[in-house]
Amino acid sequence: MAMESYQSDVVIVGGGLAGLAAAFELLDQNLKVLLLERDIPEHLGGLARESFGGVMLVDTPLQRRARIADSSELALADWLRVARFSDDDHWPRRWAELYVNRSIELIYQWLTSRSVTFLPVVNWPERGMFEPHNSVPRWHIAWGTGKALVEALLHHLENHPNRARLEICFGHRVEELFVQTGMVKGCAGIREVDGSSFIASADAVLLSAGGICGGDLSRVRRHWYKPWGNPPERLLNGSHRNADGLIHDAAATVGARLTHLDRQWHYAAGIPHPRQAGKGLSLVPPRSALWLNAHGERMGPPPLVGYTDTRYLVEQICRQPGQFSWQVLNWKIAIKELAVSGCDYMTAFRDRSKLRLLRELLFGNRELVRTLLNESTELVTANSLDELVAAMNALEAEFRVDGELLKTEVKAYDAQIERGERFFTDDQLRRIASARRYRGDRLRTCRFQKIDDPQARPLIAIREQILSRKSLGGVQTDLSCRVLDNTGEPIPGLFAAGETAGFGGGGIHGVGALEGTFLGGCILTGRIAGRAINGETL
Ligand SMILES: Cc1cc2nc3c(=O)[nH]c(=O)nc-3n(C[C@H](O)[C@H](O)[C@H](O)COP(=O)(O)OP(=O)(O)OC[C@H]3O[C@@H](n4cnc5c(N)ncnc54)[C@H](O)[C@@H]3O)c2cc1C
(Lines give C-alpha, C1' and ligand atoms only; values in the text may rest on other atoms or scores of the structure.)
Protein backbone atom coordinates (compact mmCIF):
# COMPACT_ATOMS: atom_id res chain seq x y z
CA MET A 1 0.00 0.00 0.00
CA ALA A 2 1.42 3.40 -0.98
CA MET A 3 2.10 5.78 1.88
CA GLU A 4 -0.06 8.93 1.80
CA SER A 5 2.00 12.04 2.20
CA TYR A 6 0.90 15.58 3.08
CA GLN A 7 2.63 18.91 3.13
CA SER A 8 1.50 22.06 4.94
CA ASP A 9 2.73 25.14 6.78
CA VAL A 10 1.37 23.82 10.07
CA VAL A 11 0.02 20.46 11.22
CA ILE A 12 -2.52 20.37 14.05
CA VAL A 13 -2.85 16.99 15.74
CA GLY A 14 -6.38 16.70 17.15
CA GLY A 15 -9.53 18.64 16.29
CA GLY A 16 -10.90 19.30 19.78
CA LEU A 17 -11.63 22.80 21.05
CA ALA A 18 -7.93 23.64 21.39
CA GLY A 19 -7.14 22.50 17.85
CA LEU A 20 -10.09 24.45 16.44
CA ALA A 21 -9.14 27.63 18.32
CA ALA A 22 -5.63 27.36 16.90
CA ALA A 23 -6.98 26.76 13.38
CA PHE A 24 -8.86 30.08 13.50
CA GLU A 25 -5.72 31.99 14.40
CA LEU A 26 -3.59 30.24 11.80
CA LEU A 27 -6.14 30.90 9.07
CA ASP A 28 -6.37 34.54 10.16
CA GLN A 29 -2.67 34.73 9.33
CA ASN A 30 -3.24 33.08 5.98
CA LEU A 31 -1.20 29.98 6.80
CA LYS A 32 -1.83 26.61 5.21
CA VAL A 33 -3.14 24.25 7.87
CA LEU A 34 -3.50 20.48 7.96
CA LEU A 35 -5.69 19.17 10.78
CA LEU A 36 -5.19 15.46 11.48
CA GLU A 37 -8.04 14.00 13.47
CA ARG A 38 -8.35 10.41 14.55
CA ASP A 39 -12.12 10.50 14.95
CA ILE A 40 -15.03 10.76 12.47
CA PRO A 41 -16.34 14.09 11.06
CA GLU A 42 -19.47 14.04 13.28
CA HIS A 43 -17.21 14.21 16.36
CA LEU A 44 -15.14 17.20 15.25
CA GLY A 45 -14.79 19.45 18.29
CA GLY A 46 -13.85 16.59 20.62
CA LEU A 47 -15.02 16.57 24.20
CA ALA A 48 -16.25 20.15 24.07
CA ARG A 49 -19.09 18.90 21.87
CA GLU A 50 -20.44 16.67 24.66
CA SER A 51 -19.60 19.08 27.45
CA PHE A 52 -22.08 21.14 29.40
CA GLY A 53 -20.45 24.29 28.08
CA GLY A 54 -19.63 25.90 31.44
CA VAL A 55 -16.82 28.44 31.06
CA MET A 56 -15.00 30.13 33.91
CA LEU A 57 -14.83 33.85 33.17
CA VAL A 58 -13.84 36.73 35.39
CA ASP A 59 -15.73 40.00 35.72
CA THR A 60 -18.10 39.64 32.79
CA PRO A 61 -21.06 41.87 31.92
CA LEU A 62 -23.29 39.00 33.12
CA GLN A 63 -21.65 38.96 36.54
CA ARG A 64 -21.90 42.75 36.75
CA ARG A 65 -25.56 42.69 35.82
CA ALA A 66 -26.15 40.21 38.64
CA ARG A 67 -24.14 42.44 41.00
CA ILE A 68 -21.43 39.82 41.44
CA ALA A 69 -18.27 41.75 42.27
CA ASP A 70 -15.47 39.75 40.69
CA SER A 71 -11.95 40.80 39.74
CA SER A 72 -8.72 39.31 38.43
CA GLU A 73 -7.18 39.75 41.87
CA LEU A 74 -9.97 37.82 43.59
CA ALA A 75 -9.98 35.10 40.93
CA LEU A 76 -6.22 34.72 41.09
CA ALA A 77 -6.27 34.44 44.87
CA ASP A 78 -8.95 31.72 44.57
CA TRP A 79 -7.03 29.95 41.82
CA LEU A 80 -3.74 29.95 43.73
CA ARG A 81 -5.41 28.67 46.91
CA VAL A 82 -6.85 25.70 45.01
CA ALA A 83 -3.85 25.06 42.75
CA ARG A 84 -1.27 24.89 45.54
CA PHE A 85 1.53 25.46 43.02
CA SER A 86 5.03 24.55 44.10
CA ASP A 87 8.12 26.67 43.43
CA ASP A 88 8.76 24.56 40.32
CA ASP A 89 5.43 25.51 38.80
CA HIS A 90 6.67 28.64 37.08
CA TRP A 91 4.83 28.18 33.77
CA PRO A 92 1.56 26.85 35.21
CA ARG A 93 1.41 29.87 37.50
CA ARG A 94 2.10 32.30 34.66
CA TRP A 95 -0.70 30.67 32.65
CA ALA A 96 -3.09 30.96 35.58
CA GLU A 97 -2.30 34.68 35.83
CA LEU A 98 -2.86 35.08 32.11
CA TYR A 99 -6.20 33.28 32.32
CA VAL A 100 -7.70 35.41 35.06
CA ASN A 101 -6.30 38.66 33.68
CA ARG A 102 -7.45 38.17 30.09
CA SER A 103 -10.44 35.84 30.12
CA ILE A 104 -12.81 38.57 28.93
CA GLU A 105 -10.78 39.55 25.92
CA LEU A 106 -9.33 36.19 24.89
CA ILE A 107 -12.22 33.86 25.75
CA TYR A 108 -15.51 35.69 26.36
CA GLN A 109 -15.30 38.22 23.53
CA TRP A 110 -13.90 35.65 21.15
CA LEU A 111 -16.81 33.33 21.80
CA THR A 112 -19.54 35.96 21.78
CA SER A 113 -18.21 37.39 18.51
CA ARG A 114 -18.68 33.89 17.10
CA SER A 115 -22.36 33.72 18.03
CA VAL A 116 -21.95 31.91 21.37
CA THR A 117 -24.37 33.24 23.99
CA PHE A 118 -24.45 32.57 27.71
CA LEU A 119 -27.31 32.07 30.15
CA PRO A 120 -27.92 35.17 32.28
CA VAL A 121 -27.61 33.29 35.59
CA VAL A 122 -23.98 32.52 36.40
CA ASN A 123 -23.47 29.20 38.19
CA TRP A 124 -21.45 28.64 41.30
CA PRO A 125 -19.71 25.25 41.56
CA GLU A 126 -16.60 24.54 43.67
CA ARG A 127 -17.30 26.85 46.59
CA GLY A 128 -14.85 24.98 48.75
CA MET A 129 -15.20 22.64 51.69
CA PHE A 130 -12.91 24.14 54.33
CA GLU A 131 -11.74 27.33 52.60
CA PRO A 132 -13.12 29.43 49.74
CA HIS A 133 -12.54 28.06 46.26
CA ASN A 134 -14.72 30.15 43.96
CA SER A 135 -15.46 33.16 46.16
CA VAL A 136 -18.17 34.20 43.71
CA PRO A 137 -20.14 32.58 40.85
CA ARG A 138 -18.07 32.45 37.63
CA TRP A 139 -19.29 29.42 35.71
CA HIS A 140 -20.94 30.81 32.57
CA ILE A 141 -23.14 28.29 30.77
CA ALA A 142 -23.13 28.48 26.98
CA TRP A 143 -26.75 28.48 25.84
CA GLY A 144 -27.19 25.19 24.02
CA THR A 145 -24.32 23.57 26.01
CA GLY A 146 -20.95 22.63 24.52
CA LYS A 147 -22.77 21.29 21.47
CA ALA A 148 -23.97 24.75 20.47
CA LEU A 149 -20.60 26.24 21.32
CA VAL A 150 -18.80 23.83 18.98
CA GLU A 151 -21.41 24.18 16.26
CA ALA A 152 -21.11 27.97 16.35
CA LEU A 153 -17.34 27.72 16.03
CA LEU A 154 -17.54 25.20 13.18
CA HIS A 155 -20.01 27.42 11.36
CA HIS A 156 -17.59 30.33 11.59
CA LEU A 157 -14.66 28.15 10.62
CA GLU A 158 -16.50 26.90 7.53
CA ASN A 159 -17.16 30.52 6.56
CA HIS A 160 -13.67 31.75 7.27
CA PRO A 161 -12.34 33.73 4.29
CA ASN A 162 -9.28 31.45 4.24
CA ARG A 163 -11.22 28.19 4.70
CA ALA A 164 -9.64 26.82 1.54
CA ARG A 165 -6.25 26.91 3.30
CA LEU A 166 -7.49 24.35 5.87
CA GLU A 167 -7.46 20.64 5.09
CA ILE A 168 -9.04 18.27 7.61
CA CYS A 169 -8.19 14.58 7.44
CA PHE A 170 -10.37 12.33 9.61
CA GLY A 171 -9.51 8.83 10.72
CA HIS A 172 -5.83 9.79 10.88
CA ARG A 173 -4.09 8.57 14.03
CA VAL A 174 -0.80 10.35 14.59
CA GLU A 175 1.74 8.09 16.29
CA GLU A 176 5.09 9.78 16.02
CA LEU A 177 6.85 13.05 15.37
CA PHE A 178 9.90 13.39 13.22
CA VAL A 179 12.84 15.68 13.67
CA GLN A 180 15.22 17.03 11.05
CA THR A 181 18.32 19.01 11.96
CA GLY A 182 17.06 19.58 15.48
CA MET A 183 13.59 20.75 14.46
CA VAL A 184 10.25 18.97 14.53
CA LYS A 185 9.26 18.84 10.88
CA GLY A 186 6.12 16.76 10.88
CA CYS A 187 4.48 13.61 12.04
CA ALA A 188 3.48 10.17 10.90
CA GLY A 189 0.77 7.68 11.69
CA ILE A 190 -1.91 5.30 10.54
CA ARG A 191 -5.17 5.75 8.65
CA GLU A 192 -7.70 3.92 10.78
CA VAL A 193 -9.88 2.89 7.84
CA ASP A 194 -7.33 0.59 6.22
CA GLY A 195 -4.27 0.60 8.48
CA SER A 196 -2.16 2.32 5.83
CA SER A 197 0.59 4.73 6.84
CA PHE A 198 0.76 8.44 6.23
CA ILE A 199 3.34 11.10 6.74
CA ALA A 200 2.80 14.86 7.09
CA SER A 201 5.55 17.47 6.76
CA ALA A 202 5.29 21.03 8.04
CA ASP A 203 7.25 23.89 9.55
CA ALA A 204 5.48 23.45 12.86
CA VAL A 205 3.39 20.83 14.63
CA LEU A 206 0.77 21.65 17.25
CA LEU A 207 -0.22 18.87 19.64
CA SER A 208 -3.83 19.25 20.73
CA ALA A 209 -4.88 15.62 21.07
CA GLY A 210 -6.49 15.83 24.52
CA GLY A 211 -5.41 14.16 27.76
CA ILE A 212 -4.67 10.70 29.07
CA CYS A 213 -7.79 10.19 31.17
CA GLY A 214 -10.05 8.11 29.02
CA GLY A 215 -8.78 5.91 26.27
CA ASP A 216 -6.56 3.83 28.48
CA LEU A 217 -7.60 3.51 32.12
CA SER A 218 -4.45 1.56 32.89
CA ARG A 219 -2.61 4.82 32.30
CA VAL A 220 -4.91 6.64 34.69
CA ARG A 221 -4.15 3.98 37.29
CA ARG A 222 -0.43 4.08 36.59
CA HIS A 223 -0.39 7.82 37.22
CA TRP A 224 -2.81 7.66 40.15
CA TYR A 225 -2.14 10.36 42.73
CA LYS A 226 -0.10 8.47 45.37
CA PRO A 227 -1.38 10.23 48.52
CA TRP A 228 -4.86 8.83 47.69
CA GLY A 229 -3.65 5.23 48.02
CA ASN A 230 -4.51 2.62 45.43
CA PRO A 231 -6.66 3.54 42.43
CA PRO A 232 -10.23 2.23 42.64
CA GLU A 233 -10.98 -1.08 40.97
CA ARG A 234 -14.28 0.38 39.83
CA LEU A 235 -13.28 3.28 37.63
CA LEU A 236 -15.24 4.76 34.75
CA ASN A 237 -13.97 6.45 31.62
CA GLY A 238 -15.55 9.90 31.44
CA SER A 239 -13.20 11.27 28.84
CA HIS A 240 -12.45 10.75 25.14
CA ARG A 241 -11.84 7.23 23.94
CA ASN A 242 -8.84 8.57 22.03
CA ALA A 243 -7.37 10.18 25.15
CA ASP A 244 -4.87 7.36 25.45
CA GLY A 245 -1.59 9.24 25.86
CA LEU A 246 -0.20 8.20 22.48
CA ILE A 247 0.66 11.80 21.67
CA HIS A 248 2.26 12.34 25.07
CA ASP A 249 4.52 9.39 24.33
CA ALA A 250 5.37 10.77 20.89
CA ALA A 251 6.23 14.13 22.44
CA ALA A 252 8.40 12.49 25.11
CA THR A 253 10.26 10.56 22.41
CA VAL A 254 11.43 13.82 20.84
CA GLY A 255 12.49 15.14 24.27
CA ALA A 256 9.38 16.92 25.58
CA ARG A 257 9.00 17.25 29.32
CA LEU A 258 5.81 15.72 30.71
CA THR A 259 4.73 17.10 34.05
CA HIS A 260 2.16 16.32 36.72
CA LEU A 261 0.56 13.34 35.01
CA ASP A 262 -0.69 12.23 38.43
CA ARG A 263 -2.83 15.34 38.68
CA GLN A 264 -6.16 14.32 37.30
CA TRP A 265 -9.64 15.71 37.72
CA HIS A 266 -12.05 12.91 38.54
CA TYR A 267 -15.67 13.07 39.58
CA ALA A 268 -17.31 11.30 42.50
CA ALA A 269 -20.75 10.47 41.10
CA GLY A 270 -20.24 8.42 37.96
CA ILE A 271 -22.48 5.65 36.64
CA PRO A 272 -21.85 3.46 33.59
CA HIS A 273 -23.13 5.36 30.55
CA PRO A 274 -26.46 3.75 29.71
CA ARG A 275 -26.10 4.61 26.02
CA GLN A 276 -22.37 4.23 25.37
CA ALA A 277 -20.64 0.99 26.24
CA GLY A 278 -17.32 1.41 28.03
CA LYS A 279 -18.02 5.00 29.05
CA GLY A 280 -19.16 6.69 32.22
CA LEU A 281 -21.81 9.33 32.82
CA SER A 282 -21.08 11.93 35.48
CA LEU A 283 -24.06 12.84 37.64
CA VAL A 284 -24.18 16.18 39.36
CA PRO A 285 -24.65 14.93 42.92
CA PRO A 286 -27.82 16.28 44.55
CA ARG A 287 -27.01 18.43 47.57
CA SER A 288 -29.96 17.15 49.57
CA ALA A 289 -29.10 13.45 49.16
CA LEU A 290 -27.35 11.56 51.94
CA TRP A 291 -23.96 10.36 50.78
CA LEU A 292 -23.17 6.91 52.19
CA ASN A 293 -20.37 4.41 51.83
CA ALA A 294 -20.64 0.82 50.66
CA HIS A 295 -21.99 -0.26 54.08
CA GLY A 296 -24.63 2.47 54.28
CA GLU A 297 -22.69 4.69 56.67
CA ARG A 298 -22.75 8.43 56.09
CA MET A 299 -19.25 9.54 55.07
CA GLY A 300 -17.54 12.25 57.09
CA PRO A 301 -17.56 14.25 59.25
CA PRO A 302 -18.00 16.64 57.64
CA PRO A 303 -20.65 14.98 55.47
CA LEU A 304 -20.01 14.94 51.74
CA VAL A 305 -22.02 17.49 49.74
CA GLY A 306 -21.91 18.17 46.00
CA TYR A 307 -20.81 21.56 44.58
CA THR A 308 -18.24 22.01 47.34
CA ASP A 309 -14.87 20.52 46.49
CA THR A 310 -14.73 17.81 43.84
CA ARG A 311 -11.21 16.78 44.70
CA TYR A 312 -12.06 16.34 48.38
CA LEU A 313 -15.14 14.26 47.53
CA VAL A 314 -13.10 11.94 45.32
CA GLU A 315 -10.35 11.62 47.88
CA GLN A 316 -12.80 10.74 50.67
CA ILE A 317 -14.61 8.13 48.59
CA CYS A 318 -11.30 6.56 47.58
CA ARG A 319 -10.59 5.99 51.28
CA GLN A 320 -13.85 4.09 51.81
CA PRO A 321 -14.43 0.34 51.57
CA GLY A 322 -14.80 -0.57 47.90
CA GLN A 323 -13.96 3.00 46.86
CA PHE A 324 -17.48 3.64 45.63
CA SER A 325 -20.54 5.22 47.24
CA TRP A 326 -24.32 5.40 47.46
CA GLN A 327 -26.47 8.49 47.39
CA VAL A 328 -29.85 8.07 49.05
CA LEU A 329 -32.61 10.51 48.16
CA ASN A 330 -36.22 10.55 47.00
CA TRP A 331 -38.27 11.56 43.98
CA LYS A 332 -38.76 15.15 45.18
CA ILE A 333 -35.02 15.72 45.63
CA ALA A 334 -34.17 13.95 42.38
CA ILE A 335 -36.46 15.99 40.13
CA LYS A 336 -35.20 19.25 41.61
CA GLU A 337 -31.51 18.57 42.03
CA LEU A 338 -30.32 15.62 39.97
CA ALA A 339 -28.48 16.66 36.83
CA VAL A 340 -25.96 15.20 34.42
CA SER A 341 -22.67 16.78 33.47
CA GLY A 342 -22.62 17.05 29.70
CA CYS A 343 -25.24 17.70 27.07
CA ASP A 344 -26.60 14.21 26.33
CA TYR A 345 -29.25 14.12 29.02
CA MET A 346 -29.72 17.84 29.68
CA THR A 347 -31.98 18.25 26.70
CA ALA A 348 -33.67 21.56 27.59
CA PHE A 349 -30.25 23.22 27.82
CA ARG A 350 -28.94 21.42 24.75
CA ASP A 351 -32.00 22.14 22.60
CA ARG A 352 -32.20 25.74 23.83
CA SER A 353 -35.78 25.30 24.96
CA LYS A 354 -36.51 28.20 27.31
CA LEU A 355 -39.99 26.93 28.00
CA ARG A 356 -38.85 23.46 29.02
CA LEU A 357 -36.06 24.90 31.11
CA LEU A 358 -38.49 27.14 32.95
CA ARG A 359 -40.85 24.23 33.50
CA GLU A 360 -38.02 22.10 34.87
CA LEU A 361 -36.92 24.85 37.20
CA LEU A 362 -40.42 25.33 38.53
CA PHE A 363 -41.72 21.76 38.61
CA GLY A 364 -38.56 19.64 38.48
CA ASN A 365 -36.85 17.66 35.73
CA ARG A 366 -39.16 14.63 35.72
CA GLU A 367 -38.07 13.60 32.25
CA LEU A 368 -34.43 13.27 33.29
CA VAL A 369 -35.20 11.25 36.42
CA ARG A 370 -37.58 8.94 34.57
CA THR A 371 -35.01 8.46 31.81
CA LEU A 372 -32.25 7.62 34.26
CA LEU A 373 -34.51 5.26 36.21
CA ASN A 374 -35.45 3.50 32.97
CA GLU A 375 -32.03 3.36 31.40
CA SER A 376 -29.59 2.83 34.26
CA THR A 377 -29.14 -0.24 36.40
CA GLU A 378 -27.46 1.89 39.08
CA LEU A 379 -30.63 3.55 40.38
CA VAL A 380 -33.02 1.58 42.58
CA THR A 381 -36.33 2.72 44.04
CA ALA A 382 -38.53 1.62 46.93
CA ASN A 383 -41.39 2.75 49.11
CA SER A 384 -39.74 2.08 52.46
CA LEU A 385 -36.21 2.13 53.82
CA ASP A 386 -36.28 -1.64 54.35
CA GLU A 387 -37.28 -2.20 50.75
CA LEU A 388 -34.62 0.24 49.60
CA VAL A 389 -31.87 -1.57 51.49
CA ALA A 390 -33.05 -4.85 50.00
CA ALA A 391 -32.91 -3.35 46.50
CA MET A 392 -29.42 -1.95 47.14
CA ASN A 393 -28.19 -5.31 48.37
CA ALA A 394 -29.75 -7.08 45.41
CA LEU A 395 -27.81 -4.79 43.08
CA GLU A 396 -24.46 -4.87 44.87
CA ALA A 397 -22.79 -8.27 44.94
CA GLU A 398 -19.59 -7.51 46.83
CA PHE A 399 -20.47 -5.18 49.72
CA ARG A 400 -23.57 -5.34 51.91
CA VAL A 401 -25.47 -2.31 53.08
CA ASP A 402 -26.24 -2.57 56.80
CA GLY A 403 -29.96 -1.78 56.96
CA GLU A 404 -29.99 -0.69 60.61
CA LEU A 405 -27.04 1.62 60.05
CA LEU A 406 -28.62 3.22 56.99
CA LYS A 407 -31.91 3.73 58.82
CA THR A 408 -30.12 5.34 61.77
CA GLU A 409 -28.33 7.76 59.42
CA VAL A 410 -31.54 8.70 57.62
CA LYS A 411 -33.49 9.12 60.87
CA ALA A 412 -30.82 11.35 62.43
CA TYR A 413 -30.75 13.59 59.36
CA ASP A 414 -34.52 13.77 59.05
CA ALA A 415 -34.81 14.54 62.77
CA GLN A 416 -32.61 17.61 62.34
CA ILE A 417 -34.89 18.88 59.60
CA GLU A 418 -37.90 18.19 61.80
CA ARG A 419 -36.41 20.34 64.60
CA GLY A 420 -36.25 23.33 62.27
CA GLU A 421 -33.66 25.59 60.70
CA ARG A 422 -32.85 27.44 63.93
CA PHE A 423 -31.41 24.26 65.41
CA PHE A 424 -29.40 22.96 62.46
CA THR A 425 -25.99 21.66 63.49
CA ASP A 426 -25.60 19.33 60.51
CA ASP A 427 -23.01 20.69 58.10
CA GLN A 428 -24.93 19.51 55.04
CA LEU A 429 -28.03 21.42 56.10
CA ARG A 430 -25.99 24.54 56.81
CA ARG A 431 -24.51 24.31 53.33
CA ILE A 432 -27.94 23.87 51.79
CA ALA A 433 -29.15 26.97 53.65
CA SER A 434 -26.16 28.90 52.35
CA ALA A 435 -26.62 27.66 48.76
CA ARG A 436 -30.27 28.70 48.76
CA ARG A 437 -29.29 32.29 49.46
CA TYR A 438 -27.86 32.54 45.92
CA ARG A 439 -30.50 33.11 43.22
CA GLY A 440 -28.81 30.66 40.85
CA ASP A 441 -29.18 27.83 43.37
CA ARG A 442 -32.44 28.56 45.15
CA LEU A 443 -34.63 27.12 42.42
CA ARG A 444 -32.41 24.05 42.05
CA THR A 445 -32.03 23.17 45.73
CA CYS A 446 -34.78 21.72 47.93
CA ARG A 447 -35.74 23.63 51.04
CA PHE A 448 -34.53 21.13 53.66
CA GLN A 449 -36.14 17.99 52.33
CA LYS A 450 -36.36 14.94 54.58
CA ILE A 451 -35.28 11.68 52.98
CA ASP A 452 -37.89 9.31 54.42
CA ASP A 453 -40.87 11.49 53.60
CA PRO A 454 -44.02 9.65 52.46
CA GLN A 455 -44.97 12.71 50.35
CA ALA A 456 -41.70 12.55 48.43
CA ARG A 457 -41.56 8.87 47.47
CA PRO A 458 -40.33 6.74 45.92
CA LEU A 459 -37.05 6.58 47.76
CA ILE A 460 -34.09 6.34 45.40
CA ALA A 461 -30.56 5.00 45.89
CA ILE A 462 -27.84 5.57 43.31
CA ARG A 463 -24.65 3.51 43.25
CA GLU A 464 -21.85 5.81 42.16
CA GLN A 465 -18.27 5.21 41.05
CA ILE A 466 -15.28 7.43 40.51
CA LEU A 467 -15.24 8.74 36.95
CA SER A 468 -12.00 9.75 35.32
CA ARG A 469 -12.41 12.94 33.30
CA LYS A 470 -9.56 15.41 32.83
CA SER A 471 -5.76 15.38 32.81
CA LEU A 472 -4.49 18.37 34.73
CA GLY A 473 -0.88 17.66 33.82
CA GLY A 474 0.69 17.14 30.40
CA VAL A 475 3.28 18.40 27.98
CA GLN A 476 5.08 21.38 29.47
CA THR A 477 5.01 24.62 27.50
CA ASP A 478 6.05 28.20 27.98
CA LEU A 479 3.64 31.13 27.62
CA SER A 480 3.89 30.88 23.82
CA CYS A 481 2.82 27.22 23.87
CA ARG A 482 6.30 26.15 22.77
CA VAL A 483 6.99 22.65 24.04
CA LEU A 484 9.88 22.58 26.49
CA ASP A 485 12.46 19.86 26.93
CA ASN A 486 13.83 18.55 30.21
CA THR A 487 16.28 21.45 30.46
CA GLY A 488 13.47 23.98 29.99
CA GLU A 489 14.48 24.89 26.43
CA PRO A 490 11.88 25.05 23.61
CA ILE A 491 11.92 22.20 21.10
CA PRO A 492 11.96 24.03 17.75
CA GLY A 493 8.84 23.52 15.66
CA LEU A 494 6.78 21.84 18.42
CA PHE A 495 3.80 23.43 20.17
CA ALA A 496 1.08 22.10 22.49
CA ALA A 497 -2.34 23.33 23.58
CA GLY A 498 -5.48 22.28 25.44
CA GLU A 499 -5.60 19.22 27.64
CA THR A 500 -2.43 17.82 26.02
CA ALA A 501 -0.57 20.78 27.55
CA GLY A 502 -2.34 20.46 30.92
CA PHE A 503 -4.46 23.39 29.69
CA GLY A 504 -1.33 25.58 29.76
CA GLY A 505 2.25 25.15 30.90
CA GLY A 506 1.83 21.43 31.64
CA GLY A 507 -0.59 22.02 34.52
CA ILE A 508 -2.36 25.39 34.75
CA HIS A 509 -4.60 24.03 37.52
CA GLY A 510 -2.02 22.76 39.95
CA VAL A 511 -3.77 20.10 42.01
CA GLY A 512 -7.35 21.34 41.73
CA ALA A 513 -9.70 23.35 39.58
CA LEU A 514 -12.33 26.04 39.90
CA GLU A 515 -14.36 24.41 37.07
CA GLY A 516 -15.04 25.80 33.61
CA THR A 517 -11.32 26.40 33.26
CA PHE A 518 -10.99 23.41 30.93
CA LEU A 519 -12.96 24.80 28.02
CA GLY A 520 -11.55 28.23 28.81
CA GLY A 521 -8.01 26.85 28.94
CA CYS A 522 -8.42 25.17 25.56
CA ILE A 523 -9.49 28.41 23.89
CA LEU A 524 -6.75 30.38 25.60
CA THR A 525 -3.93 28.00 24.75
CA GLY A 526 -5.25 27.14 21.29
CA ARG A 527 -5.48 30.76 20.28
CA ILE A 528 -2.10 31.69 21.70
CA ALA A 529 -0.47 28.68 20.03
CA GLY A 530 -2.01 29.61 16.69
CA ARG A 531 -0.44 33.05 16.92
CA ALA A 532 2.88 31.96 18.39
CA ILE A 533 3.52 29.47 15.60
CA ASN A 534 3.81 32.46 13.27
CA GLY A 535 5.87 34.44 15.78
CA GLU A 536 2.89 36.61 16.76
CA THR A 537 1.38 37.37 20.15
CA LEU A 538 -2.19 38.05 21.16
C1 LIG B 1 -19.26 15.18 29.44
C2 LIG B 1 -18.23 16.26 29.62
C3 LIG B 1 -18.62 17.48 30.15
C4 LIG B 1 -17.68 18.51 30.28
N5 LIG B 1 -18.12 19.73 30.71
C6 LIG B 1 -17.22 20.74 30.81
C7 LIG B 1 -17.64 22.05 31.18
O8 LIG B 1 -18.83 22.31 31.37
N9 LIG B 1 -16.68 23.01 31.32
C10 LIG B 1 -15.36 22.77 31.09
O11 LIG B 1 -14.54 23.69 31.22
N12 LIG B 1 -14.94 21.55 30.68
C13 LIG B 1 -15.83 20.54 30.52
N14 LIG B 1 -15.41 19.33 30.08
C15 LIG B 1 -13.98 19.15 29.73
C16 LIG B 1 -13.67 19.73 28.35
O17 LIG B 1 -14.71 19.42 27.46
C18 LIG B 1 -12.35 19.15 27.83
O19 LIG B 1 -11.34 19.27 28.80
C20 LIG B 1 -11.89 19.90 26.57
O21 LIG B 1 -12.93 19.96 25.63
C22 LIG B 1 -10.65 19.22 25.98
O23 LIG B 1 -10.39 19.77 24.70
P24 LIG B 1 -9.07 19.40 23.89
O25 LIG B 1 -9.19 20.10 22.59
O26 LIG B 1 -7.87 19.66 24.70
O27 LIG B 1 -9.12 17.81 23.72
P28 LIG B 1 -10.26 16.84 23.14
O29 LIG B 1 -11.57 17.43 23.18
O30 LIG B 1 -10.02 15.55 23.85
O31 LIG B 1 -9.86 16.70 21.62
C32 LIG B 1 -8.73 16.01 21.22
C33 LIG B 1 -8.95 15.50 19.81
O34 LIG B 1 -7.74 14.86 19.39
C35 LIG B 1 -8.05 13.64 18.75
N36 LIG B 1 -6.91 12.74 18.90
C37 LIG B 1 -6.52 12.08 20.03
N38 LIG B 1 -5.41 11.37 19.79
C39 LIG B 1 -5.10 11.59 18.48
C40 LIG B 1 -4.04 11.11 17.64
N41 LIG B 1 -3.10 10.27 18.10
N42 LIG B 1 -4.02 11.51 16.35
C43 LIG B 1 -4.99 12.36 15.86
N44 LIG B 1 -5.99 12.83 16.62
C45 LIG B 1 -6.04 12.46 17.92
C46 LIG B 1 -9.30 13.15 19.44
O47 LIG B 1 -10.02 12.27 18.59
C48 LIG B 1 -10.04 14.44 19.73
O49 LIG B 1 -10.93 14.80 18.72
C50 LIG B 1 -16.32 18.28 29.93
C51 LIG B 1 -15.93 17.04 29.43
C52 LIG B 1 -16.87 16.04 29.26
C53 LIG B 1 -16.43 14.73 28.69
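First listed ligand is number 1; within each ligand, the first listed atom is number 1.
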Lys NZ or Arg CZ of R234 over F324 ring: under 6.0 Å, within 45°: yes
Centroid separation W95 to W91 less than 6.0 Å: no
Aromatic ring proximity, centroids under 6.0 angstrom, H509 and F518: yes
Sub-6.0 Å ring centroid separation between Y307 and W124: no
Ring centres under 6.0 angstrom apart (W79, H133): no
Aromatic plane relationship, Y6 with F198 - under 30° parallel, 30 to 60° tilted, over 60° perpendicular: perpendicular
Residues in contact with ligand 1, criterion: heavy atom under 4.0 Å: V13, G14, G15, G16, L17, A18, L36, E37, R38, D39, G46, L47, A48, E50, S51, F52, G53, G54, W139, H172, R173, V174, S208, A209, G210, G238, H240, N242, L246, I247, S341, G342, R469, K470, G498, E499, F503, G516, T517, F518, L519, C522
